[in-house]
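These notes concern the structure reproduced below.
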Amino acid sequence: MTIRNVSVIIFDDIIANTIIRGEKMIRKVTDKIFYIGCNDHKIDLFEGQYVVPNGMAYNSYVILDDKTAVLDTMEEKETEEWLSNVEEALGGKAPDYLIVQHMEPDHSASIGAFAEKYPETTIVGNKKTFNMISQFFPGLEIANKLEVANGDKLSLGSDELTFVMAPMVHWPEVMMTYYPAEKAFFSADAFGKFGALDVDEEWACEARRYYIGIVGKYGQQVQAVLKQAAELDIEMICPLHGPVLDENLEYYIDLYDTWSGYRAETEGVCICYTSVYGNTKKAVQLLEDELKAAGVENVVVNDLARCDWAEAVEDAFRYDRLVLATTTYNGDIFPFMKQFIDHLTERNFQNRRIAFIENGSWGPVAIRKMKQYLEAAKELTVAENNVTIKSAMTEENKAQIKALATELAGEAVQAEETEEKPVSGKKFECKICKYVYEGEALPEGFECPLCGRGVEDFVLIEG
């Protein structure tokens, strides 16, 4: 892939490249490519779950060659503004083609309105595209359609478009489009980010949160597309969210390669915790201090009950070490932690060092449960110095936390012996209420202090 260093296009700053017709502003990307998308500052949750304090950009483009092509439509509430942009960009003429790269409604909801306004325009998509159009727009009659497959080309006159199929990045019908005349790669949702285009913010943070949250499960498919794209001479990436990328493309591509390869981007420790009465939080705070004292420069802490969960997931994927700290709750783990682990495994979390802190006043089972829920995660290296707290930290716990910090910082050590000794290496769990008894054996006539069941309802779980 050919790389050049130019500038990230922040449209509102390029007055020289803005064409004004009446009261409309059509933003010029190149001599042949124009941006006709919309900013949305009314949205609070993207896809009903991701907090977007700086709104969203829904991108659409027009290519003006001998024949004209519109690439993707618009989110429903922006349809009127978008259709006006299309009309202004084309000087009132009907486009020859509408390229549908992605059928998710934030990019396809205006297909019906477009087809009504431009009934003779040829709609271009793949087989799965047209199946989904019939689902989203039952009864819609398309007068002219062109079905394409991977590698197919479409002539616009002086040059032609090449279509790159990208199934499951992150829907099965997704395709991308290469326009060699401008060496532009229209990348659908890939290389997108949260945030409207009229807001100045760091690209990587919101692009990482967007990628891991929405596309992260499909790393293998992203890797396949990156290999196809590497065969193309690309100088510009035009995504469906976020700015056009026209500077140091190697930086963005390397990040996508890292993210989709499930490799850590940054050396550091991410700690994610829940705490009911503050004792687990105190343990986390001590671990944070000990990690920094041991020389770990990057330590981030997320309270899963209060933080943006997508930010916490982003951190877990960004850093090479993860600590999960939570309480035993109803014989399981605290709900926010359980949900967080589900977010990780859903997105194929893997290739990390991981450690655990648990708290339980009478029957701590959180570490065992967290390990169980993480069984689907691949290539996890579990720390040796995991910590079990019973209510409040003891001096032994503090020594264990220091040992854990030293292990995570580099060289693993064992916690120093203290006067407080564990009762036994054996643990027996009540099958009814999950109470855990520690000792060499269950005493004769023992009854569970929680549910009153006898020894016949206990099973050996450790030792």
Side-chain angles (χ1 to χ4, degrees), residues 7-30 33-63 70-90 95 98-111 113-114 117 184 186-211 213-215 236-247 252 308 310-311:
S7 61
V8 175
I9 295 178
I10 307 297
F11 293 117
D12 290 338
D13 293 338
I14 304 180
I15 305 301
N17 282 347
T18 300
I19 296 174
I20 300 177
R21 292 194 179 101
E23 296 181 356
K24 287 290 178 184
M25 232 174 21
I26 307 302
R27 290 136 184 190
K28 183 177 179 181
V29 180
T30 72
I33 300 172
F34 291 81
Y35 175 88
I36 56 169
C38 302
N39 286 324
D40 181 2
H41 284 289
K42 296 178 182 178
I43 187 171
D44 59 341
L45 294 176
F46 183 71
E47 290 194 351
Q49 57 180 324
Y50 298 99
V51 177
V52 283
N54 290 329
M56 285 297 297
Y58 309 115
N59 297 345
S60 175
Y61 306 89
V62 166
I63 296 175
V70 176
L71 286 94
D72 293 294
T73 72
M74 190 54 51
E75 199 275 342
E76 186 175 18
K77 63 178 176 288
E78 309 295 341
T79 297
E80 185 176 346
E81 178 184 343
W82 174 74
L83 284 175
S84 180
N85 289 347
V86 173
E87 183 175 0
E88 294 293 340
L90 296 173
L98 170 65
I99 314 297
V100 181
Q101 299 186 113
H102 186 18
M103 277 301 299
E104 201 166 7
D106 55 329
H107 308 298
S108 70
S110 302
I111 289 176
F114 179 92
K117 184 170 183 176
F186 297 89
S187 61
D189 269 347
F191 297 96
K193 65 177 285 294
F194 295 125
L197 292 180
D198 55 2
V199 175
D200 185 19
E201 63 183 358
E202 180 191 359
W203 184 88
C205 181
E206 288 295 70
R208 184 188 303 108
R209 187 166 70 101
Y210 177 92
Y211 172 85
I214 295 173
V215 190
M236 177 180 299
I237 298 175
C238 303
L240 286 178
H241 297 292
V244 170
L245 305 176
D246 195 10
E247 176 189 46
Y252 303 105
D308 174 1
E311 292 275 6

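Judged by distance alone, the side chain of D246 and the main-chain N or O of M236 form no donor-acceptor pair under 3.5 Å. Under the 3.5 Å distance criterion, the side-chain polar atoms of Y252 are left unmatched by any main-chain donor or acceptor of L245. In terms of modelled atom types and a separation under 3.5 Å, the side chain of D106 and the main chain of E75 share no donor-acceptor contact. The backbone N or O of I36 lies less than 3.5 Å from a partner atom in the side chain of N85, making a donor-acceptor pair. The closest donor-acceptor contact from the side chain of N59 to the backbone of G242 lies under 3.5 Å.
Remark: A204 engages E202, R208, Y251, L255 in a side chain to side chain contact (heavy atoms under 4.5 Å, CB included) (not counting sequence neighbours). E201 meets the salt bridge (charged side-chain N to carboxylate O under 4.0 Å, His left out) test with K193; sequence neighbours excluded. By the ring-ring contact (aromatic ring centres under 6.0 Å, His included) test, Y210 is found to be paired with F194, H241, residues two or more places apart in sequence or in another chain being considered. Annotation: side chain to side chain donor-acceptor pair (under 3.5 Å) contacts of S60 (sequence neighbours excluded): W82. For Y211, the ring-ring contact (aromatic ring centres under 6.0 Å, His included) criterion is met by Y256, W259, not counting sequence neighbours. Scanning for salt bridge (charged side-chain N to carboxylate O under 4.0 Å, His left out) contacts around D40 gives K77, with sequence neighbours left out. For E206, the salt bridge (charged side-chain N to carboxylate O under 4.0 Å, His left out) criterion is met by R209, not counting sequence neighbours. With sequence neighbours excluded, the residues satisfying side chain to side chain donor-acceptor pair (under 3.5 Å) with S110 are T79.
You'll find the ring centres of Y61 and F34 outside the 6.0 Å limit.
Side-chain atoms of L197 and Y35, non-hydrogen and from C-beta on, do get closer than 4.5 Å to each other. Under the 4.5 Å side-chain criterion, counting only non-hydrogen atoms from C-beta, M56 is not in contact with H41.
When all heavy atoms are compared, the tightest approach of L240 to D189 is CB-OD1, 3.9 Å. Taking every heavy atom of both residues into account, G213 and Y50 meet most closely at O-OH, 2.7 Å. For T73 against H107, the heavy-atom pair with the smallest separation is OG1-O, 2.7 Å.
To the nearest 0.5 Å, the span separating CG on L45 from CD1 on I43 amounts to 7.5 Å. Here the straight-line distance linking atom CG of N39 with atom CG of D198 works out to 4.5 Å at 0.5 Å rounding.
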